[in-house]
Every structure is written in C-alpha cells, then in structure tokens.
Protein chains: 2
Amino acid sequence: MTYEEFKEKVGSVILTDEGNCPVTPVVQMLQGKWKLQILYELCIKSPMRFGELKKMLKPITNTALTNALKELEADDLIQRIQYNEMPLRVEYSLTLKGQDLLPVFYSIMQWGTKYIP
Amino acid sequence: MTYEEFKEKVGSVILTDEGNCPVTPVVQMLQGKWKLQILYELCIKSPMRFGELKKMLKPITNTALTNALKELEADDLIQRIQYNEMPLRVEYSLTLKGQDLLPVFYSIMQWGTKYIP
DNA sequence: CAGGATCCTGGATGATACTG
DNA sequence: CAGTATCATCCAGGATCCTG
C-alpha cells in the first residue's frame with residue numbers, strides 16, 4: 001500500500017475520529033511485557049494449561065502470568081476453562097476475537113522480517 | 001486467514017525462533033503513550049513542525065513529545081530536519097521504513113473497527 | 001496445580017521553569 | 001520556536017510467601 005492509497009482509505013476515518021483512531025486501543029490491548037508471547041503460544045498450541053504456559057514463558061512469575069491472562073480474558077481475546085478435578089486443571093485458548101488477530105500478527109511479522117536484523 | 005493457514009505460514013517461523021518472534025519488537029517499538037498518535041498525525045500530514053504536533057496532541061507536554069520523537073527517530077521511523085532560521089524551524093516526517101508500517105496500521109484498523117464499539 | 005496477597009522498586013510519565 | 005533541565009509522581013512488573 002502506498003502512502004497516498006493509505007490516506008484515501010484510512011485518512012478520513014482517522015480525521016473524523018478526532019484523535020480516537022481505531023488503532024490505538026488495539027495496541028494498548030497488546031501492551032504489557034508478556035501478552036504477545038502468550039497469544040503466540042496459544043496460536044501455536046491451544047488449549048494450554050497454566051503450568052504449560054509458565055514453562056514456555058519462563059522466567060515469568062506467577063503474578064505476571066496471572067495478571068496478563070486476566071487482562072487478555074477481560075478483553076475477550078482468550079478463554080479460560082476450569083475443570084474441577086483433583087488436581088485442579090485450567091485450560092486457556094484463543095477466542096474467535098483473538099484468532100481474528102492473526103492477520104494483524106502476519107502483517108506485523110512481514111514488516112518485522114523486512115526491517116529487523 | 002484461518003487459524004490453520006496461519007500456523008502453516010507463521011508457525012514454523014515462530015517455533016524456530018525460540019520465543020524471539022519478529023512481532024514482539026515491532027509492538028515494543030510502537031509502545032508508549034504517544035508514539036502511535038504521532039505516527040498517525042504524520043500519516044495524515046507530513047512534514048509537521050514541533051509546535052504543530054504539540055497542538056494536535058494537546059495535552060501532551062514538551063518532555064513527552066520530545067522523548068517520543070527522539071525514540072521514533074532512533075528507530076528510523078521518522079525523520080527530523082532542522083532549518084536554522086530565525087525563529088528556529090524543525091520539521092518531522094515519516095521515513096520509508098515508517099511509511100511501510102501503513103499496511104500494519106490498516107490491518108489493525110480493520111480488526112479495531114470490527115471489534116471496538 | 002493454579003493461582004492469591006503483599007510489599008517493593010525502577011523506569012516511564014508529568015509539571016514547571018528556563019534557554020539557544 | 002523548539003526544545004532542555006530538574007524534580008516529582010505513579011504504576012507495571014518482580015520477589016516472596018501463602019492457599020483452596
């Protein structure tokens with residue numbers, strides 16, 4: 001997409017939104033040290049258990065993982081299912097809304113592979 | 001793009017990268033309270049002067065704007081040109097690397113308009 | 001096993017005043 | 001006009017210990 005094409009497609013949306021563009025909240029939703037990596041793990045394998053995620057993301061702490069998962073769930077990007085067995089089992093997976101982020105990740109990845117050494 | 005298509009396209013890249021996926025650094029590059037909005041302003045109008053940006057992003061402070069611009073310049077997303085006139089004039093514009101983010105913004109925007117009320 | 005409860009710190013951000 | 005310098009603030013994130 002060229003600069004001019006972008007302005008045609010997107011410019012009016014942004015301009016009429018008076019600073020509240022539809023991009024900012026998305027990036028804010030992905031902010032945080034671990035959220036992206038969690039989403040990635042769930043892209044690769046789903047569902048995953050708490051301990052499984054912790055192992056993949058080590059050296060993450062319990063607190064950090066718990067908080068990130070809560071926020072992702074609050075944004076409806078992931079789903080938490082608890083099985084009341086013994087021992088306790090909890091599984092996390094992407095929601096449809098979360099899976100719809102895949103094209104976004106893909107376009108970011110293309111930019112990244114072009115510009116990041 | 002479906003979940004399975006993504007895994008085919010992207011999965012191997014991520015898996016072989018052992019946690020250092022090419023997406024994380026991009027999002028980190030866009031983190032910060034003002035960076036996205038600055039890039040947006042420069043998408044709409046370019047070049048822009050310091051005071052002009054400050055007016056658009058008000059209530060931003062001098063410090064915040066200066067820092068964000070410096071970081072964006074360090075990442076080679078924007079270009080700073082100083083004209084030693086009186087009064088001083090400085091103009092900011094997107095680099096080619098910065099303009100290449102437009103498809104990314106566009107895909108994020110599509111997701112955002114679908115899911116953000 | 002999967003978290004919860006506390007305490008704490010550093011880096012990001014803001015406020016204010018000043019300058020080439 | 002386009003910043004810099006300095007100080008104050010605030011909260012995401014980490015460390016540690018505890019529990020249904």
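Naming convention: chains lettered A, B, ... in sequence-line order (proteins, then strands); numbering from 1 in each chain.
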| query | Are the side chain of A:Trp111 and the backbone N or O of B:Lys97 linked by a donor-acceptor pair below 3.5 Å? | reply |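 Side chain of A:Trp111 to backbone of B:Lys97: a pair is present.
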
| query | So, does B:Thr95 use its side chain to make a donor-acceptor pair with the main chain of B:Gln79 at under 3.5 Å? | reply |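 Not confirmed, B:Thr95 side chain does not pair with B:Gln79 backbone.
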
| query | A:Leu102, A:Leu96: one ILVMFWY side-chain cluster at the under-4.5 Å cut-off? | reply |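 Different hydrophobic clusters.
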
In whole angstrom, what separates [X]'s [atom1] from [N]'s [atom2]?
X: B:Lys58; N: C:dA15; atom1: NZ; atom2: P; value: 15 Å
X: B:Ile60; N: C:dT16; atom1: CD1; atom2: P; value: 16 Å
X: B:Arg89; N: D:dC1; atom1: CZ; atom2: C1'; value: 11 Å
X: A:Gln28; N: C:dA12; atom1: CD; atom2: C1'; value: 15 Å
X: B:Leu88; N: D:dA2; atom1: CG; atom2: C1'; value: 6 Å
X: A:Leu53; N: C:dA2; atom1: CG; atom2: P; value: 10 Å
X: B:Lys54; N: D:dT4; atom1: NZ; atom2: P; value: 13 Å
X: B:Leu57; N: D:dG3; atom1: CG; atom2: P; value: 14 Å

| query | Counting only non-hydrogen atoms, which of residues 65-87 of chain A are less than 4.0 Å from DNA chain D? | reply |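 When residues 65-87 of chain A is checked for heavy atoms under 4.0 Å from DNA chain D, there are no hits whatsoever.
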
| query | Does OP1 or OP2 of C:dC1 have a side-chain N or O of A:Arg49 closer than 4.0 Å? | reply |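 Checking A:Arg49 against C:dC1: no side-chain N or O falls below 4.0 Å of OP1 or OP2.
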
| message | Measuring from the side chain of A:Asn62 (C-beta onward, heavy atoms only), which nucleotide among C:dG14, C:dG4, D:dA2 has the closest atom? | response |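 Given the options C:dG14, C:dG4, D:dA2, the side chain of A:Asn62 is closest to C:dG4.
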
| query | What nucleotide among C:dG3, D:dA2, D:dG14 has an atom nearest to a side-chain atom of A:Phe50? | reply |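 The listed nucleotide nearest to A:Phe50's side chain is C:dG3.
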
| message | Five pairs per end, C1' atoms only: what is the angle between the end axes of the helix from C:dC1-D:dG20 to C:dG20-D:dC1, to 10 degrees? | response |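 Helix axis angle between the two ends: 60°.
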
Sequence neighbours excluded and cut-off under 3.5 Å, please list the side-chain donor-acceptor pairs for residues 66-76 of chain B, or say none.
residue : atom : partner : partner atom : Å
B:Thr66 : OG1  : B:Asn62 : O            : 2.7
B:Asn67 : ND2  : B:Thr63 : O            : 3.4
B:Glu71 : OE1  : B:Lys35 : NZ           : 2.8

About how many Å separate [atom2] of [Y] and [atom1] of [X], when rounded to the nearest 0.5 Å?
X: B:Ile60; Y: B:Leu65; atom1: CD1; atom2: CG; value: 4.5 Å
X: B:Ser107; Y: A:Leu101; atom1: OG; atom2: CG; value: 9.5 Å
X: B:Asn84; Y: B:Met86; atom1: CG; atom2: CE; value: 10.5 Å
X: A:Ile116; Y: A:Met109; atom1: CD1; atom2: CE; value: 11.5 Å

| request: Report the residues that fulfil side chain to side chain donor-acceptor pair (under 3.5 Å) with B:Gln31, sequence neighbours left out, ordered by chain and then residue number. | output: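 Here no residue qualifies.
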
| request: Answer with base, sugar-phosphate or nothing: what part of the nucleic acid does B:Lys33 contact at a heavy-atom distance below 4.0 Å? | output: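 The residue B:Lys33 makes sugar-phosphate contact but no base contact.
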
| query | Would you call A:Cys43 and A:Leu94 a side-chain contact if the rule is heavy atoms closer than 4.5 Å? | reply |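 The answer is yes; the side chains approach within 4.5 Å.
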
| message | Any non-hydrogen side-chain atom of A:Gln37 less than 4.5 Å from a side-chain atom of A:Trp34? | response |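 A side-chain contact under 4.5 Å exists here.
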
Which protein N or O atoms sit under 3.5 Å from an N or O of nucleotides 5-11 of chain C?
residue : atom : partner : partner atom : Å
C:dA5   : N6   : A:Thr63 : OG1          : 3.1

| task | List for me each residue that meets side chain to side chain contact (heavy atoms under 4.5 Å, CB included) alongside A:Arg89, sequence neighbours excluded, and say none if there are none. | result |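 Partners of A:Arg89 by the side chain to side chain contact (heavy atoms under 4.5 Å, CB included) criterion, ordered by chain and then number, come out as A:Arg49, A:Tyr83, A:Glu85, A:Glu91.
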
